[in-house]
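All heavy atoms count here, side chains included; hydrogens, waters and symmetry mates do not. Every value quoted in this text rests on a predicted model; they were computed, and no experiment measured them.
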2 protein chains.
Amino acid sequence: MKSEKIKVIVVDDHPLVIEGLRTSLGEDDSIEVIKCFNNAADLFSSLKIIITNVIVLDVNLPDMNGVEVCKKITKKHPHIKIIGLSTYNNPSIVKQMIKNGAKGYLLKNVTSKELVTAIHQIHKGQSYFSGEIHTILADSIFNTNAIPKLTRREKEILILVSEGITTPQIAKKLVISPLTVETHRRNLIQKMGVTNAAQLVKIAIEQKLI
Amino acid sequence: MKSEKIKVIVVDDHPLVIEGLRTSLGEDDSIEVIKCFNNAADLFSSLKIIITNVIVLDVNLPDMNGVEVCKKITKKHPHIKIIGLSTYNNPSIVKQMIKNGAKGYLLKNVTSKELVTAIHQIHKGQSYFSGEIHTILADSIFNTNAIPKLTRREKEILILVSEGITTPQIAKKLVISPLTVETHRRNLIQKMGVTNAAQLVKIAIEQKLI
DNA sequence: CAAAAAATACCTGTAAACTAGTAGAAAATT
DNA sequence: AATTTTCTACTAGTTTACAGGTATTTTTTG
């Protein structure tokens with residue numbers, strides 16, 4: 001006799017992906033997709049009344065940052081296992097997801113078969129990471145590059161810098177001293193471990209800070 | 001009596017998206033998904049023997065640039081209508097796709113309903129663009145910002161600039177005068193219509209030049 | 001081969017960016 | 001309420017970037 005089905009919730013803003021997940025997971029007898037959501041808000045309002053085992057979570061949602069969603073789920077519903085899903089393998093995001101409770105992480109180019117395996121494994125209490133992700137994690141064991149945390153003001157100035165606005169102009173815009181802007185610039189360059197504004201912008205975009 | 005079904009080929013490297021497209025389009029009686037491919041190579045080898053009406057083409061394929069694929073299909077099979085599909089709305093790519101024969105363009109957050117509408121409309125000989133894409137096209141009518149063509153040397157220097165390397169260092173590396181590097185920098189800034197290196201890097205990344 | 005485009009290099013001057021150290025006031029956090 | 005972080009601001013000096021113009025050589029293309 002079969003045991004109870006694994007309850008899965010899918011969160012992704014692409015209807016086509018949801019449809020794909022529904023179909024693929026529906027083919028497995030031991031998995032039941034109980035709900036699908038396009039955004040984080042709908043997910044959270046439903047989590048108050050619905051019980052699930054696993055959440056397949058797209059990291060790029062329209063209304064909320066994937067890492068934040070993960071954090072919130074883990075905090076309020078620690079029993080729910082989360083599998084992250086994204087198109088590109090951005091190391092810093094993958095690490096943040098895992099740090100915030102994700103038990104698995106896959107790229108969107110996975111086969112449905114692999115996804116089914118992942119869900120089973122995670123439901124059993126194990127973890128699951130696809131090949132590329134595994135490499136990232138292995139690298140980061142040696143390469144302890146912590147993600148630098150920027151303050152609100154720093155992020156603000158970072159964006160303005162990336163738009164080609166100069167220090168004096170930024171100062172005028174924010175109604176602060178140019179000397180202060182220079183300080184923020186300096187801190188940004190230091191925190192991100194870069195040598196100048198050009199590289200700062202590049203790294204910031206890579207890190208998805210802009 | 002119903003007329004013949006519209007033959008559709010789907011090309012996308014994400015199995016989940018293909019599954020979603022298959023299911024969604026399969027629900028429409030007048031559309032028939034005759035084949036699906038994960039990459040451009042398989043598509044082209046099949047196009048020699050298979051006849052189709054419409055190709056739904058993901059722009060980010062593993063083996064070939066979406067724009068190139070589009071160009072090649074249009075050249076060899078002018079009767080086939082192409083609908084571009086991508087996650088992000090990169091203006092320059094959308095424009096290049098249209099320039100190379102794509103009759104429609106949608107973002108991946110479309111509903112299956114909209115996609116079906118698009119396929120019908122394109123099959124009738126019209127064009128179809130989703131909301132966001134339409135905005136891009138409208139903008140580009142006034143904003144005739146042709147994609148600036150960079151020379152080999154300029155691209156080389158652009159990359160070095162984005163890596164935080166200064167003019168004197170670049171000069172040493174390339175064994176040319178710093179004055180020459182300055183000239184290239186100036187031309188880059190002028191061509192891209194930006195104000196400084198920081199913005200140059202940002203725009204270059206947006207334009208996928210880096 | 002000739003014309004066009006690209007790569008090279010120079011000059012002059014100004015403005016901005018980067019380095020380094022210091023420090024008080026305001027906000028946020030514990 | 002106390003501590004920490006963030007935001008603010010300053011001095012002073014060096015280096016780099018940016019703007020504008022000009023011009024020769026090399027490479028590419030028609």
### Message
Looking only at the side chain of A:Arg153 (C-beta and beyond, no hydrogens), which of the listed nucleotides D:dC7, C:dC18, D:dA17 gets closest?
### Response
D:dC7

### Message
Between A:Thr180 and D:dT8, is there a contact of a side-chain N or O with OP1 or OP2 at under 4.0 Å?
### Response
no

### Task
Report the distance from atom CG of B:Leu209 to atom CD of B:Gln207, rounding to the nearest 0.5 Å.
6.0 Å

### Query
Which part of the nucleic acid, if any, lies within contact of B:Thr167, taking any heavy atom under 4.0 Å across all strands shown: a base, the sugar-phosphate backbone alone, or nothing?
sugar-phosphate

### Message
Using whole Å, what does the distance between atom P of nucleotide D:dT5 and atom NZ of A:Lys191 come to?
### Response
11 Å

### Task
Could you check A:Gln190 against A:Ile165 and say which one's nearest nucleotide on DNA chain C is further toward the 5' end?
A:Ile165

### Query
With respect to the phosphate group of D:dC10, does any side-chain polar atom (N or O) of A:Ser177 fall under 4.0 Å of OP1 or OP2?
yes

### Message
Looking only at the side chains, is there a donor atom on one of A:Ser127 and A:Tyr105 sitting less than 3.5 Å from an acceptor on the other?
### Response
no

## Note on the structure
Here the distance between atom P of D:dA19 and atom CG of B:Asn187, to the nearest Å, is 12 Å

### Message
Does A:Leu179 reach a base, just sugar-phosphate, or nothing at all? Heavy atoms under 4.0 Å.
### Response
base

### Message
Quick check for you: among C:dC18, C:dA9, D:dA9, whose closest atom lies nearest to any side-chain atom of B:Ile176?
### Response
C:dA9

### Task
For residues B:Pro62 and B:Asn39, report the shortest heavy-atom separation together with the two atoms involved.
CG-CB, 4.3 Å

#### Entry: Close side-chain approach of B:Ile119 and B:Asn53, heavy atoms under 4.5 Å
no

### Query
Do B:Lys76 side-chain atoms and B:Thr74 backbone N/O form a donor-acceptor pair below 3.5 Å?
no

### Query
Salt bridge check: are B:Lys72 and B:Glu68 linked by an N-O gap of less than 4.0 Å?
no

### Task
Could you tell me, to 10°, how much the axis swings from one end of the helix from C:dC1-D:dG30 to C:dT30-D:dA1 to the other, five pairs per end?
80°

### Task
Look at the side chain of B:Asn196 and the backbone N and O of A:Gly164, then say whether any donor-acceptor pair between them is shorter than 3.5 Å.
yes

### Task
Please state how far atom CE in A:Met192 lies from atom C1' in C:dC18, giving the value in whole angstrom units.
17 Å

All N/O pairs under 3.5 Å across the protein-nucleotides 22-30 of chain C interface:
none

### Query
Considering only D:dT8, C:dA7, C:dC18, which nucleotide approaches the side chain of A:His184 most closely?
D:dT8

## Note on the structure
Among the nucleotides D:dC18, C:dA16, C:dC18, whichever has the atom closest to the side chain of B:Ala197 is D:dC18

### Query
To the nearest Å, how far apart are B:Glu182 CD and D:dG21 P?
17 Å

### Message
Looking at A:Ile50, I'd like to know if its CD1 atom is crowded, meaning that more than 12 non-hydrogen atoms belonging to other residues, nucleotides or ligands lie closer than 6.0 Å.
### Response
yes

### Task
Please state how far atom NZ in A:Lys155 lies from atom C1' in D:dC7, giving the value in whole angstrom units.
15 Å

#### Entry: Carboxylate-amine/guanidinium contact B:Glu156 B:Arg153, below 4.0 Å
yes

### Query
Mapping B:Glu154 and A:Ile189 onto DNA chain C by nearest heavy atom, which one lands closer to the 5' end?
B:Glu154

### Query
What nucleotide, of D:dC7, C:dA17, D:dA9, holds the atom closest to the side chain of A:Thr151?
D:dC7

### Task
Give a yes or no on whether a salt bridge exists between A:Arg186 and A:Glu182, defined as a side-chain N under 4.0 angstrom from a carboxylate O.
no

